[in-house]
Enquirer: 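Dumping the structure here so I can ask a few things about it.
Chain A is the first sequence line, chain B the second, and so forth, proteins listed ahead of strands; every chain is numbered from 1. For clarity, every value in this text was computed on a predicted model and none was experimentally measured.
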Amino acid sequence: MTEYQLPKAYDFKSTEPRIYEMWEKGGYFQPSNDPRQPGFDPAKKPFVISIPPPNVTGELHLGHPLFVSMEDLMIRYHRMKGEPTLWVPGTDHAGIATQLQVEKDLLRTEETTREELGREKFLERAWAWKAKYHSIITQQIRRMGASCDWSRERFTLDEGLSRAVREAFVRLYEKGLIYRGPRLVNWSPGLKTAVSDLEVEYSEEPGKLYYFKYMLSASETEYIPVATTRPETILGDTAVAVHPKDKRYKKFIGKNVIVPILGREIPVIADEYVDREFGTGALKITPGHDPNDYDIGQRHGLPILSMLDREAKVTEVGGPYAGLDRFACREKLWADMQAAGLVIKEEQYSINVPRSQRGGEIVEPMISEQWFVKIEPLAKAALEAVRDRSIKIVPERFEKVYYNWLENIRDWCISRQLWWGHRIPVWYCADCGGKTCARTDPLLCAHCGGKNIQQDPDVLDTWFSSGLWPFSTLGWPEETPDLKYFYPTTLMETGYDILFFWVARMIMLGLEFTGQAPFETVYLHGLVRDEHGRKMSKSYGNVIDPLVVMDEYGTDALRFTLLVGSTPGQDMNISEKKVEANRNFANKIWNAGRFVISAIASLGDRGPQTVDRTTTVHGQPSTVNWTLADSWIWARLQQLVRDVERLFQAYQFGEAGRQIYEFFWSDFADWYVEAAKLQMQKEETKAQTVETLARVLDICLRLLHPFTPFVTEELWGHLRNATCHSSLATLAQDWPEALIVAAWPEPREPEGWEAGKTADFALVQEIVRSIRNLRAEKKVSPAKRISAAVVGGAKTDLLGEQAAVIAALAGLDPAQFAVHKSLVTKPEDAVALVVGPVEVHVPLSGMVDADEERTRLEKELSSLQVQIERLEKLLASDFANKAPAAVVQKERERLASFQETAEKLKAQLS
RNA sequence: GGGCGCAUAGCUCAGUUGGUUAGAGCGUCUCUCUUACACAGAGAAGGUCAGGGGUUCGAGUCCCUUUGCGCCCACCA
């Protein structure tokens with residue numbers, strides 16, 4: 001018995017690392033059916049998740065433990081169900097994000113820039129950065145309990161994945177789905193790279209609408225009034241557009257106007273795009289710096305002027321303003337126009353400012369040479385895959401969002417003017433100008449055979465490589481055994497915020513390159529916010545560091561909080577308070593477990609005779625000696641197993657967790673364990689009680705394991721050990737060596753006896769509660785054993801059997817507690833409690849005030865009358881005919897019970 | 001301009017085929033260190049489920065609508 005002296009409080013700090021090491025060393029994270037191992041069976045269907053690869057930027061936030069917990073939950077669940085289960089881990093090089101971090105670090109430590117350092121040296125630094133933060137982030141993922149197969153870990157820039165990226169690019173290129181050309185793209189002047197449409201975020205900000213005059217070239221006085229939010233772009237104007245039917249400006253169409261300050265003449269054109277109602281009804285056209293203007297320019301064959309360079313400084317196009325920063329230019333030009341009498345007015349105006357998702361600076365639309373993927377054919381296939389249910393999105397409403405985006409998609413700009421990433425596999429020939437795109441680095445130009453070739457300096461958008469992730473990590477383009485067996489994967493779990501960035505692209509590229517949807521289901525989780533629903537940000541100071549939380553409360557507490565606090569696709573608010581509450585739950589599990597384990601140990605290995613095993617109920621040995629509490633907890637547990645299974649199938653993990661919590665704490669720990677203490681005092685019920693405790697705990701630990709893997713594994717080890725060394729040893733004969741691979745509890749259909757036992761125990765609970773309630777009201781010391789007389793009526797036999805339980809749980813003196821079928825004379829000086837068909841008389845000499853009693857009973861009676869009237873009315877209405885018989889029957893029974901109670905109360909009153 | 005989500009106890013949230021008197025955690029109040037757990041136990045207070053209308057025998061749950069908050073998409077100068 002002494003060997004099971006477990007510590008009073010669950011010590012996660014010493015447990016977690018030990019348990020994780022045991023799992024990892026034990027090889028439990030590898031699939032049970034593995035193409036790399038002998039005895040592999042290709043016919044078994046595996047369950048596969050590829051991890052959303054965390055960035056190697058070094059930033060850890062609550063999104064990480066959230067997705068790790070979700071995925072680990074599903075992986076553990078399927079593993080316990082006996083399916084070959086694979087979770088592929090890895091990390092993402094995260095082009096812009098990481099490069100920025102390295103540049104920042106460079107500036108801080110050496111006060112130098114990447115340009116000064118040069119490409120090679122800079123990349124060395126980036127790889128060193130990667131090495132450091134890769135090991136940190138994977139360590140953190142381990143800390144979260146992730147049961148992923150580390151032997152299959154990948155990195156988006158590793159050799160294999162680089163080959164996959166190269167292959168993908170070349171295939172698209174050869175198919176004509178990749179092109180290069182000057183286009184208007186979003187340019188980030190600080191980062192000095194193009195970014196895709198998705199990487200631009202718009203924010204409403206106060207700004208100004210500037211009204212000014214576009215003077216007619218043929219006139220000294222006539223002008224077209226024009227409004228703009230970016231006056232500096234006047235320098236790049238190549239036309240002024242008006243609506244063809246606009247009476248005000250019709251006469252100017254075809255004439256020329258003069259660009260302020262610069263004096264260039266540009267035409268007035270007519271285009272239906274112009275909104276006559278907005279501003280002045282005349283629109284300045286800057287095809288080089290505005291996407292709409294670009295389109296209009298294309299329609300009218302207008303020249304394109306680039307008046308800003310890569311750093312957003314004015315080019316020579318801007319004449320006297322050349323060299324000025326874009327905002328300085330705005331001010332100076334406007335002042336000069338004011339002096340020239342060209343200004344009409346300024347108005348306060350709210351503008352939608354495009355900002356870079358990374359740097360936060362204002363993005364400029366600019367013309368530049370970039371690589372693009374012709375996305376339409378890919379998008380079409382991706383749309384079809386979801387429409388025909390090859391891929392299911394959970395929650396379903398995101399399917400609409402997905403359709404909407406893909407239906408209006410524009411070509412994907414995949415080149416970035418960065419160094420950290422996959423270099424574009426295209427070489428330009430200085431001799432013939434031809435482009436050579438190749439799987440392996442070419443030595444000669446494919447067109448003229450010249451040696452004078454140079455590789456494109458740009459790299460690919462990070463999302464190009466992560467788009468290949470589900471198959472590139474399994475070995476694609478090689479037909480590896482892993483790829484054959486594990487692809488397509490089963491599930492993609494990630495945040496809804498990267499549905500377009502990542503999920504849609506994986507689907508498009510997966511279909512394109514493998515001909516198969518890369519996964520069957522997409523499960524989208526919400527974002528983690530602070531306790532008041534605010535986004536976590538450093539400037540708010542409301543950021544919760546997962547590491548600090550895990551240090552303070554343990555991994556299980558954090559995992560349970562994240563898992564139980566979330567509903568699919570819905571953002572969740574988290575606070576330390578919640579984690580603390582779940583730390584308490586882990587401790588509850590620990591202590592209930594501790595109790596059960598010491599009970600098992602107390603049996604000894606030859607202990608009391610074990611129960612009769614001739615018949616079974618739901619796999620548990622059934623005996624005529626089963627107590628009501630035994631039957632009840634078993635029935636409740638089976639119900640729980642069924643509910644959890646149903647909820648898991650529906651991806652309702654949070655609800656499943658809450659139900660297990662509720663069962664464990666309320667039903668098992670608060671009621672059954674208390675009843676068990678009594679049952680264990682009697683030799684004839686001791687063995688079966690301990691066995692029930694052991695069985696229920698065992699199943700609870702299995703159900704909880706995907707949520708709180710550490711405490712359950714640790715406790716289960718003790719449970720298994722204690723059981724094996726007790727008279728219950730046969731119970732544990734099929735148990736494996738670790739909970740992580742123990743069988744998931746199988747739901748079974750009820751056998752028919754459950755409802756009756758549940759109702760009977762509910763009556764016992766009601767009686768106990770009402771007595772406890774009375775004690776609290778009358779301030780009877782918890783230590784004081786009081787007496788009571790129960791009038792059981794039809795329930796007399798049941799209550800007679802349960803007398804000891806009721807007495808123990810309600811703090812009654814068993815010697816002064818009796819159950820009678822009826823009582824001729826009611827006890828004197830006693831409070832009468834009416835619980836359904838049962839009366840409980842509790843003598844409390846000196847504490848009972850007759851008037852008080854009367855008032856209490858009257859109050860109870862009147863609220864009961866209200867219920868009775870309501871039910872009588874209900875049963876007299878259409879309800880009786882139209883509602884299902886079972887529902888009506890239930891209400892009838894309720895009414896009868898209320899009426900019975902009311903009668904008893906009336907009798908008490910008189 | 002389109003689309004979506006949310007509104008339930010003081011706070012944070014559950015409540016998914018519509019069916020008892022709507023639940024939990026935290027917080028509050030009262031008792032208790034009862035031999036698993038004070039990271040606990042027992043009890044209590046606290047809600048016209050945002051407003052209005054509809055469908056139904058029956059609505060927190062389905063439909064319509066109003067209001068407030070949030071998010072996503074979109075080229076209105």
Enquirer: Checking Lys392(A) against Tyr523(A): charged group under 6.0 Å from the ring centre and within 45 degrees of the axis?
Expert: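 Output no; distance or angle outside limits.
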Enquirer: Going by atom types only, do Tyr273(A) and Asn292(A) share a side-chain donor-acceptor pair under 3.5 Å?
Expert: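 Yes, side-chain donor-acceptor contact under 3.5 Å.
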Enquirer: Could you tell me if Lys345(A) sits above the aromatic ring of Tyr211(A), with its cationic atom closer than 6.0 Å to the ring centre and no more than 45 degrees from the axis?
Expert: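 Yes, Lys345(A) lies over the aromatic ring of Tyr211(A).
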Enquirer: For RNA chain B, which ranges pair as stems of 3 or more consecutive Watson-Crick or G-U pairs, with both donor-acceptor distances under 3.5 Å?
Expert: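 Paired runs of 3+ in RNA chain B: B:1-7 with B:67-73, B:10-13 with B:23-26, B:28-32 with B:40-44, B:50-54 with B:62-66.
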Enquirer: Taking U56(B) as the reference, what is the distance to A50(B) when you measure between their C1' atoms (whole Å, please)?
Expert: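 Approximately 23 Å lies between the C1' atom of A50(B) and that of U56(B).
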Enquirer: Are any of the side-chain nitrogens in Arg636(A) or Glu662(A) under 4.0 Å away from the carboxylate oxygens of its partner?
Expert: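 No, this pair does not count.
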Enquirer: When you compare the side chains of Asn584(A) and Tyr553(A), does any donor N or O come within less than 3.5 Å of an acceptor on the partner?
Expert: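 Their side chains do not contain a donor-acceptor pair, so the 3.5 Å distance test is not met.
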Enquirer: Please state the P separation for the pair U30(B) and G70(B) - nearest whole angstrom.
Expert: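 To the nearest whole Å, 39 Å.
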Enquirer: Rounded to the nearest 0.5 Å, how far apart are CE of Met366(A) and CD1 of Ile304(A)?
Expert: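 Going from the CE atom of Met366(A) to the CD1 atom of Ile304(A) covers 14.0 Å.
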Enquirer: Sort and list the pairs that fulfil ring-ring contact (aromatic ring centres under 6.0 Å, His included) and have at least one residue in residues 868-899 of chain A, not counting sequence neighbours.
Expert: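 Found none.
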Enquirer: Find the distance between OG1 (Thr561(A)) and NZ (Lys577(A)) and round it off to the nearest 0.5 Å.
Expert: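 Result: 13.0 Å between the selected atoms.
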Enquirer: Which value, in whole Å, describes the distance between the P atoms of nucleotides G60(B) and U17(B)?
Expert: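 It works out to 15 Å between them.
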Enquirer: Given atom CD1 of Ile574(A) and atom C1' of C26(B), what is their separation to the nearest angstrom?
Expert: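 After rounding, the reported distance stands at 14 Å.
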Enquirer: Can you tell me if Arg248(A) has over 12 outside heavy atoms packed within less than 6.0 Å of its CZ?
Expert: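 Check passes, neighbour count above 12.
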Enquirer: Which nucleotide sits closest to the side chain of Lys577(A): C4(B), A42(B), C26(B)?
Expert: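 Comparing C4(B), A42(B), C26(B) against the side chain of Lys577(A), the answer is C26(B).
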Enquirer: For Trp334(A) and Glu232(A), does a side-chain donor sit closer than 3.5 Å to a side-chain acceptor?
Expert: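 There is no such pair (donor and acceptor under 3.5 Å, judged by atom type) between the side chains of Trp334(A) and Glu232(A).
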Enquirer: Do Asp237(A) and Tyr214(A) have side-chain N/O donor and acceptor atoms under 3.5 Å apart?
Expert: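 Distance-only check passes for Asp237(A) and Tyr214(A).
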Enquirer: What distance, rounded to whole Å, do you find between the two P atoms, one in G10(B) and one in C49(B)?
Expert: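 My reading of the P atoms in G10(B) and C49(B) gives 13 Å.
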Enquirer: Could you state the CG-P distance from Leu499(A) to G3(B), rounded to the nearest angstrom?
Expert: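 Distance check: Leu499(A) CG to G3(B) P gives 19 Å.
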Enquirer: Without decimals, in angstroms, what is the distance between Asn773(A) CG and A45(B) C1'?
Expert: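 Checked: the CG to C1' distance equals 12 Å.
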Enquirer: If we ignore angles and hydrogens, is there a donor and acceptor under 3.5 Å between the side chains of Gln865(A) and Ser862(A)?
Expert: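 There is no such pair between these side chains.
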Enquirer: Quantified in whole Å, what is the C1' atom distance between nucleotide U12(B) and nucleotide U55(B)?
Expert: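 Approximately 34 Å lies between the C1' atom of U12(B) and that of U55(B).
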Enquirer: For the pair Arg583(A) and Glu576(A), find out whether any cationic side-chain nitrogen is under 4.0 Å from an anionic carboxylate oxygen.
Expert: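 So Arg583(A) does not pair with Glu576(A) through a salt bridge.
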Enquirer: Counting just side-chain N and O atoms, does Ser575(A) come under 4.0 Å of either OP1 or OP2 of C26(B)?
Expert: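 Indeed not, no polar side-chain atom of Ser575(A) lies that close.
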Enquirer: Starting at NZ of Lys784(A) and ending at P of G43(B), how long is that distance when rounded to a whole Å?
Expert: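 Going from NZ in Lys784(A) over to P in G43(B) covers 20 Å.
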Enquirer: Take atom P in G23(B) and the same atom in U48(B), then report the distance between them in whole Å.
Expert: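 One P to the other, the span is 15 Å.
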Enquirer: Could you check whether Arg894(A) gets within reach of a base, just the sugar-phosphate, or nothing at all, counting any heavy atom under 4.0 Å?
Expert: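 Base, at least one base heavy atom under 4.0 Å.
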Enquirer: In whole Å, I'd like the distance from the CG atom of Leu809(A) to the P atom of G43(B).
Expert: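 It works out to 11 Å between those atoms.
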Enquirer: Could you check which residues of residues 552-560 of chain A get a heavy atom under 4.0 Å from RNA chain B? Sort them by number, please.
Expert: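 Going residue by residue through residues 552-560 of chain A, none turns out to have a heavy atom under 4.0 Å of RNA chain B.
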Enquirer: Quick one: what's the B/S/- string for nucleotides 28-41 of chain B, heavy-atom cutoff under 4.0 Å, read 5' to 3'?
Expert: --SSS---BBSBSS
Enquirer: What about the rings of Phe12(A) and Phe710(A), do their centers lie closer together than 6.0 Å?
Expert: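 Ring centres of Phe710(A) and Phe12(A) not closer than 6.0 Å.
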Enquirer: When the C1' atoms of A40(B) and U35(B) are compared, how many Å lie between them, rounded to an integer?
Expert: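 One C1' to the other, the span is 14 Å.
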Enquirer: Return the value, rounded to whole Å, for the distance between atom CZ of Arg397(A) and atom P of C4(B).
Expert: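 Taking CZ of Arg397(A) and P of C4(B), I get 11 Å after rounding.
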Enquirer: Is there a donor-acceptor contact under 3.5 Å linking the side chains of Thr286(A) and Lys284(A)?
Expert: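 A pair is found: one side chain offers a donor N or O, the other an acceptor, under 3.5 Å apart.
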Enquirer: Going by an N to O cut-off under 4.0 Å, is there a salt bridge joining Lys890(A) and Glu893(A)?
Expert: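 No, no charged N to carboxylate O under 4.0 Å.
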Enquirer: Measure from CG on Asp643(A) to P on U17(B) and round the result to the nearest Å.
Expert: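 Distance, rounded to whole Å: 11 Å.
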Enquirer: Would you measure the distance from the P atom in G27(B) across to the matching atom in G18(B) and give it in whole Å?
Expert: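 37 Å, rounded to whole Å.
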Enquirer: Can a side chain N or O of Lys578(A) be found less than 4.0 Å away from OP1 or OP2 on C26(B)?
Expert: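 For C26(B), OP1/OP2 do not have a side-chain N/O of Lys578(A) under 4.0 Å.
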Enquirer: Report which part of the nucleic acid Arg775(A) touches: base, sugar-phosphate, or nothing (heavy-atom distance under 4.0 Å, all strands).
Expert: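 Here Arg775(A) touches no strand at all.
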Enquirer: Which is more 5' along RNA chain B, the nucleotide nearest Gly565(A) or the one nearest Ala650(A)? Just name the residue.
Expert: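 By nearest-heavy-atom nucleotide position, the 5'-most residue is Gly565(A).
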Enquirer: Please determine whether a side-chain nitrogen of the Lys or Arg among Glu645(A) and Arg642(A) lies less than 4.0 Å from a carboxylate oxygen of the Asp or Glu.
Expert: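 Between Arg642(A) and Glu645(A) there is no salt bridge, as every charged N stays at least 4.0 Å from the carboxylate O atoms.
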Enquirer: Find every protein N or O atom lying less than 3.5 Å from an N or O atom of nucleotides 54-61 of chain B, and list the pairs.
Expert:
residue, atom, partner, partner atom, Å
C57(B), OP1, Lys882(A), NZ, 2.6

Enquirer: When you check every protein heavy atom under 4.0 Å of nucleotides 68-77 of chain B, what one-letter string (B, S, -) results, 5' to 3'?
Expert: -----SBBBB
Enquirer: Distance alone, cut at 3.5 Å: any donor-acceptor contact between the side chains of Glu347(A) and Tyr210(A)?
Expert: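 No, no side-chain donor-acceptor pair sits under 3.5 Å.
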